[in-house]
Engineer: 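My questions all concern the structure below.
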There are 2 protein chains.
Amino acid sequence: MTLQSRPEPADAASLQLDAYLPYRLSVASNAVSRLIARAYEDRFGLTIPQWRLICVLAEDGPMNQSALVSRTGMDKVTVSRAAQGLTRRHLLERSENDLDGRSHVVALSLEGVRLHAEIAPLALAYEAALISGLDPHEVALLKRLLLRLQGAAGVLAGETPSPSQALA
Amino acid sequence: MTLQSRPEPADAASLQLDAYLPYRLSVASNAVSRLIARAYEDRFGLTIPQWRLICVLAEDGPMNQSALVSRTGMDKVTVSRAAQGLTRRHLLERSENDLDGRSHVVALSLEGVRLHAEIAPLALAYEAALISGLDPHEVALLKRLLLRLQGAAGVLAGETPSPSQALA
DNA sequence: GGTGGATAGTTGCATCTGATACTATCTGGC
DNA sequence: GCCAGATAGTATCAGATGCAACTATCCACC
């Protein structure tokens, strides 16, 4: 029980970590990310950012790094390092010469395409295993809610230094 | 599963990063965590692990570090460092003498209790801002689904090296 | 046609994180 | 009692991360 004889204030009492959404979100995400990251790392030597680049390039075709940044939401440093690692392994090809001398167009190499085709079913299998037993309806709602949360966090971080305005 | 059966695999085509649950989960969690972490860091000089320890100790009263580990799911190293930092700031008190000489009982100091009471409303305000506009029903479902995902990830990580068994 | 400011990308640095190894202590079987 | 193994916690090291500073290039405007 509590050390202090005095009970907690009502405000504090209504905060229960287990029911606190940011906590639940972080713990669930860490568990899933750790699982996925280990799978990609162990089997293919890929980091999560590297795998994301492969996915986006396989989906949308070649683009430069800043496009990858806005597409994935990752930091430009993260994208840069992931692209370097993939280029070193010849999974990416970078055409340096361009109509813009600053940017390089990044594209999957043939080997990169092959790797993506090999990993994609595994990725889908992991997702299927994670949501097995869930109503597809619920999964769709989950994804929608996650998008909402992400948007709300962005608004709160970018526009209001404190949540008081959003609460008003 | 069909790995290389087709040159242009339908499997790979059906993997869209934006609709991939682990991706959505990670992006949403990172956005929310960054928001919350910055708030605690800027205003109170607390890290997320430190804040979690404060919450748990305020909720459940004194305990030793291994209890904090199992309660929060964080690494024991993370807990150790968070406790050290909080002890240095006199927000925690550690009674070294115990019936078990290895463990120290960790408890919130009075100042720690005060800080918790001060931060808790802010934490709740952030949560309220994040879920504003959402049906409470949906929020409850979201938390339940997050728990399910966390559990499924734990099972997949701890018991099955590949998701194939869970798919069977 | 040169100059200021914006943009693409890299590097450096400081921090966080987690795995491993280590010390200290406890527990159970002999 | 004593030793093997388990447990609590800390220290050490490697890797990931993100911010800030930097270089190089492009664009707009005078």
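These numbers come from a predicted model, not from an experiment. Naming convention: chains lettered A, B, ... in sequence-line order (proteins, then strands); numbering from 1 in each chain.
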Engineer: Rounded to whole angstrom units, what separation is found between the CZ atom of R102(A) and the C1' atom of dT7(C)?
Structural biologist: 4 Å
Engineer: Atom CD1 in I36(B), atom CG in L130(B): separation rounded to 0.5 Å?
Structural biologist: 6.0 Å
Engineer: Is there, by distance only and without an angle test, a donor paired with an acceptor across the side chain of R81(B) and the base of dG18(C) below 3.5 Å?
Structural biologist: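 It does, because a donor-acceptor pair links the side chain of R81(B) to the base of dG18(C) below 3.5 Å.
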Engineer: With the threshold set at 4.0 Å, does a side-chain nitrogen-carboxylate oxygen contact exist between E59(A) and R71(A)?
Structural biologist: yes
Engineer: If you compare every side-chain N and O of Q65(B) against the phosphate oxygens of dT10(D) (OP1, OP2), does one of them come in below 4.0 Å?
Structural biologist: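 Checking Q65(B) against dT10(D): at least one side-chain N or O falls below 4.0 Å of OP1 or OP2.
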Engineer: Does S80(A) put a side-chain nitrogen or oxygen below 4.0 Å from OP1 or OP2 of dG9(C)?
Structural biologist: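 Result: no.
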Engineer: In whole Å, what is the span from the CD1 atom of I48(A) to the P atom of dG15(D)?
Structural biologist: 18 Å
Engineer: From dA8(C), dA8(D), dT10(C), pick the nucleotide closest to the side chain of S66(B)?
Structural biologist: dA8(D)
Engineer: Output the rounded distance in Å from CZ (R52(B)) to C1' (dT17(C)).
Structural biologist: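 The answer, rounded to whole Å, is 13 Å.
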Engineer: Tell me: CE of M63(B) to C1' of dG9(D), nearest whole Å?
Structural biologist: 17 Å
Engineer: Which listed nucleotide (dG9(C), dT10(C), dT10(D)) is nearest to the side chain of Q84(B)?
Structural biologist: dT10(D)
Engineer: If the threshold is 4.0 Å, N to carboxylate O, is there a salt bridge linking K143(B) and D18(A)?
Structural biologist: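 Looking at K143(B) and D18(A), the cut-off is not met.
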Engineer: Under 4.0 Å between a side-chain N/O of R38(A) and OP1 or OP2 of dA19(C), yes or no?
Structural biologist: yes
Engineer: How many whole angstroms separate atom NE2 of H104(A) from atom C1' of dT25(D)?
Structural biologist: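 For the pair H104(A) NE2 and dT25(D) C1', the rounded distance is 11 Å.
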Engineer: Counting only side-chain heavy atoms from C-beta out, which of dG9(D), dT10(C), dA16(D) sits nearest to V77(A)?
Structural biologist: dT10(C)
Engineer: Would a single hydrophobic cluster contain both L92(B) and V77(B), if residues Ile, Leu, Val, Met, Phe, Trp and Tyr are joined by side-chain heavy-atom contacts under 4.5 Å?
Structural biologist: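 No, separate clusters.
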Engineer: What is the separation between atom CZ on R34(B) and atom P on dC16(C), rounded to the nearest whole Å?
Structural biologist: 15 Å
Engineer: If you assign each of V79(A) and K76(B) to its closest nucleotide in DNA chain C, which residue comes earlier from the 5' end?
Structural biologist: V79(A)
Engineer: When you measure from the side-chain N and O atoms of T78(B) to the phosphate of dG18(C), is any distance below 4.0 Å, counting only OP1 and OP2?
Structural biologist: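 Yes, within the criterion.
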Engineer: Q65(B) and A83(B): which non-hydrogen atoms are nearest, and at how many Å?
Structural biologist: OE1-CB, 3.9 Å
Engineer: Taking OH from Y40(B) and P from dT15(C), how many angstroms apart are they, rounded to a whole number?
Structural biologist: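 Atom-to-atom, Y40(B) to dT15(C), this comes out as 22 Å.
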Engineer: Provide, to the nearest angstrom, the distance between the CG atom belonging to N30(A) and the P atom belonging to dC16(C).
Structural biologist: 16 Å
